[in-house]
Participant: 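One structure follows; several queries about it will come next.
Labels below follow one simple rule: chain letters A, B, ... track the order of the sequence lines, proteins then strands, and each chain is numbered from 1.
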Amino acid sequence: MPELPEVETVVRGLREPLVGRRITAMWHDWQRSIHSPAPDEFAARVTGQLVRSLGRRGKYILIHLEHDTLVIHLKMSGRLYVAAADARHEADRWVHVRFDLDQGQLRFSDVRKFGRVYLTSDVAALLSHLGPEPLGDNFTIAGFREGLRERKLAIKARLLQQEFVAGVGNIYADEALFRAGIHPARPAKSLTDSEATRLHRTLREALQTGIEHEGASINWYRKPDGGKGQSQNHFFVYGRPEQPCLRCGAQINKIRVAQRGTHFCPNCQPEPPARAAKS
DNA sequence: CCAGCCCCCTGTCGGC
DNA sequence: TGCCGACAGGGGGCTG
């Protein structure tokens, strides 16, 4: 669930409590939460390092230390928060990795255990598979169009590929496609130049709107301060199956595309003509 | 290379 | 009430 807007909100919320802190110890109770290096080396290397700054790349949280970067991916249910060492938190029962600080603790809670932590001295190499940041200058219309050429997979599936654009997930893919009036199951290569240009713009709008509302708290996601994001209250289609389209009143439809629940308005996002209109 | 599918995990919810 | 399967969806890995 945490996509770019949620991860960005987490990073913003962690800057204040984390920058300037020093890591004094590391604890874990689930091996697989630690991607690399191996837990012993991880703990030895991370201990003693000062937190210099925080950043984000795609859906990855970057905690820049003196000599390494602590990289964290929340996947579906990860949560990160800083608490006083003796303070209890509602998500504590799912904490699988913890970093003790000179003041407080950074806790990584993860119900489904899909999340991963990494420690690396070369972030660029670790994340070299990622495409451009959709809100950055490298995300060009020309590059976006080029990435749609010759692809017959569904446009939604293409938007979810992180090597194409970094940070887009199921929710904001649906929202961007609705805003652009493009049916999610259309082959990527079937988009016209003007449709691609429109989608490039609405993708950025959907993500930016998500950041402004501090992310979507649908079930597990919370801001580091424990509060809920409000982005879910501003969705056009996600999570609104069988409800009226906010733009035309037609009933929002839910189908599966790329093995994911996919929401769209059959009126605002029509299936292209000509092609196999089954039934 | 590409596209489709399974799997990793646990909590929640609908159906019987 | 309790059990069970479906579903949630990021992304690595395998297959045809």
Side-chain angles (χ1 to χ4, degrees), chain A residues 1-10 28-36 56-62 71-80 90-97 108-118 125-131 133-134 146-177 184-190 203 206-207 210 215-222 228-229 231-232 235 237-242 252-264 276:
Chain A
M1 197 141 316
E3 303 181 23
L4 189 153
E6 289 74 32
V7 176
E8 177 64 28
T9 302
V10 168
H28 75 281
D29 75 347
W30 189 256
Q31 296 269 353
R32 305 185 68 157
S33 294
I34 298 170
H35 184 280
S36 58
R56 178 191 58 76
R57 178 78 174 93
K59 299 173 191 169
Y60 292 84
I61 293 163
L62 310 178
V71 179
I72 300 170
H73 198 304
L74 302 174
K75 289 287 180 82
M76 286 303 306
S77 58
R79 291 177 60 179
L80 270 184
E90 47 150 340
D92 282 346
R93 58 180 287 205
W94 302 288
V95 167
H96 297 298
V97 183
F108 176 54
S109 170
D110 189 8
V111 171
R112 294 177 65 178
K113 302 176 179 173
F114 287 174
R116 296 289 181 265
V117 302
Y118 312 70
L126 179 69
L127 305 183
S128 63
H129 62 288
L130 294 179
E133 281 295 319
E146 177 63 27
L148 300 181
R149 287 184 60 234
E150 306 299 314
R151 301 280 178 158
K152 64 177 176 187
L153 87 169
I155 179 61
K156 170 166 177 181
R158 187 64 172 138
L159 292 180
L160 295 178
Q161 294 183 333
Q162 302 299 296
E163 65 269 27
F164 179 44
V165 195
V168 181
N170 201 46
I171 294 172
Y172 295 96
D174 280 5
E175 292 297 311
L177 286 163
R186 283 185 47 194
K189 67 179 184 179
S190 75
L203 188 57
L207 294 169
S217 287
I218 292 176
N219 44 33
W220 285 291
Y221 168 76
R222 292 293 183 280
K228 293 188 176 187
S231 181
Q232 69 280 4
F235 291 158
V237 290
Y238 187 86
R240 304 189 60 248
E242 296 173 39
I252 299 300
N253 213 335
K254 184 174 181 183
I255 58 175
R256 283 191 89 76
V257 176
Q259 289 80 243
R260 317 249 182 230
T262 300
H263 313 72
F264 70 102

Participant: If we ignore hydrogens and angles and just use 3.5 Å, is the side chain of A/N170 paired with the main-chain N or O of A/G261 as donor and acceptor?
Facilitator: yes
Participant: Examine C/dG10: is either OP1 or OP2 under 4.0 Å from a nitrogen or oxygen in the side chain of A/Y172? Give yes or no.
Facilitator: no
Participant: Taking 4.0 Å as the cut-off, does a side-chain nitrogen or oxygen of A/H73 come that near to OP1 or OP2 on C/dG10?
Facilitator: no
Participant: From the list B/dC9, C/dG12, C/dG10, which nucleotide is the closest neighbour of the side chain of A/R32?
Facilitator: B/dC9
Participant: Under 3.5 Å, is there a donor-acceptor pair linking the side chains of A/Y172 and A/S231?
Facilitator: yes
Participant: B/dT10, B/dC2, C/dG10: which one has an atom nearest the side-chain heavy atoms of A/W94?
Facilitator: B/dT10
Participant: Rounded to the nearest Å, what distance is computed from the CD atom of residue A/E3 to the P atom of nucleotide C/dG11?
Facilitator: 9 Å
Participant: Is a side-chain N or O of A/R186 found less than 3.5 angstrom from the main chain of A/A188, in a donor-acceptor match?
Facilitator: no
Participant: According to the interplanar angle, ranging from 0 to 90°, do the rings of A/H129 and A/Y60 count as parallel (below 30°), tilted (30 to 60°) or perpendicular (above 60°)?
Facilitator: perpendicular
Participant: Picking from C/dG11, B/dC9, C/dG12, which would you name as closest to the side chain of A/Q162?
Facilitator: C/dG11
Participant: Roughly, in whole Å, what's the span from CZ in A/R57 to C1' in C/dG10?
Facilitator: 16 Å
Participant: Has A/K189 got a side-chain N or O lying under 4.0 Å from the OP1 or OP2 atom of B/dA3?
Facilitator: no
Participant: C/dG11 phosphate, OP1 or OP2: any side-chain N/O from A/K59 under 4.0 angstrom?
Facilitator: yes
Participant: Check this for me: does the side-chain of A/R112 come within 3.5 Å of the base of B/dG11 through a donor and an acceptor?
Facilitator: no
Participant: With both distances kept under 3.5 Å, what pairs with B/dC9, Watson-Crick or G-U wobble?
Facilitator: none
Participant: If the P atom of C/dG9 is compared with that of B/dC13, how far apart are they to the nearest Å?
Facilitator: 15 Å
Participant: For A/R79 and B/dC9, give me the distance from atom CZ to atom P, rounded to whole Å.
Facilitator: 21 Å
Participant: Side chain of A/N170, heavy atoms from C-beta onward: which of C/dG10, C/dA8, B/dG4 has the nearest atom to it?
Facilitator: C/dG10
Participant: Let's see if you can work this out: which of B/dT10, C/dG10, B/dG4 has an atom nearest to the side-chain heavy atoms of A/R260?
Facilitator: C/dG10
Participant: Grab the CD-P distance between A/Q259 and C/dG12 for me, whole Å please.
Facilitator: 15 Å
Participant: Taking the C1' atom of each, how far is C/dA6 from B/dC6, in whole Å?
Facilitator: 16 Å
Participant: State which of B/dC9, B/dG11, C/dG11 makes the closest approach to the side chain of A/K113.
Facilitator: B/dC9
Participant: Counting heavy atoms from C-beta on, name the nucleotide in C/dG9, C/dA8, B/dG11 closest to the side chain of A/R256.
Facilitator: C/dA8
Participant: Separation of A/Q161 atom CD from C/dG10 atom C1', in whole Å?
Facilitator: 13 Å
Participant: Pick the P atom in C/dG13 and in B/dC9, then give their distance to the nearest Å.
Facilitator: 14 Å
Participant: Does the pair A/R57/A/E133 count as a salt bridge with the N-to-O cut at 4.0 Å?
Facilitator: yes
Participant: For a 4.5 angstrom cut-off between non-hydrogen side-chain atoms, does A/I171 reach A/F235?
Facilitator: yes
Participant: Within the 4.0 Å heavy-atom criterion, would you say A/R158 contacts the bases, only the backbone, or no part of the nucleic acid?
Facilitator: nothing
Participant: What contact category does A/R116 fall into here, base, sugar-phosphate, or nothing, at under 4.0 angstrom with non-hydrogen atoms?
Facilitator: nothing
Participant: Are any side-chain N or O atoms of A/S109 and backbone N or O atoms of A/A91, one a donor and one an acceptor, separated by less than 3.5 Å?
Facilitator: yes
Participant: Are A/F114 and the base of C/dG10 stacked, counting only ring centres nearer than 5.5 Å and planes tilted under 30°?
Facilitator: yes
Participant: C/dG12 P sits how many Å from A/K75 NZ, rounded?
Facilitator: 6 Å
Participant: Rounded to whole angstrom units, what separation is found between the CZ atom of A/F164 and the P atom of B/dC1?
Facilitator: 18 Å
Participant: Using Watson-Crick or G-U wobble geometry with both distances under 3.5 Å, which nucleotide pairs with C/dG9?
Facilitator: none
Participant: CD of A/Q31 versus C1' of B/dC9: gap in Å, rounded?
Facilitator: 16 Å
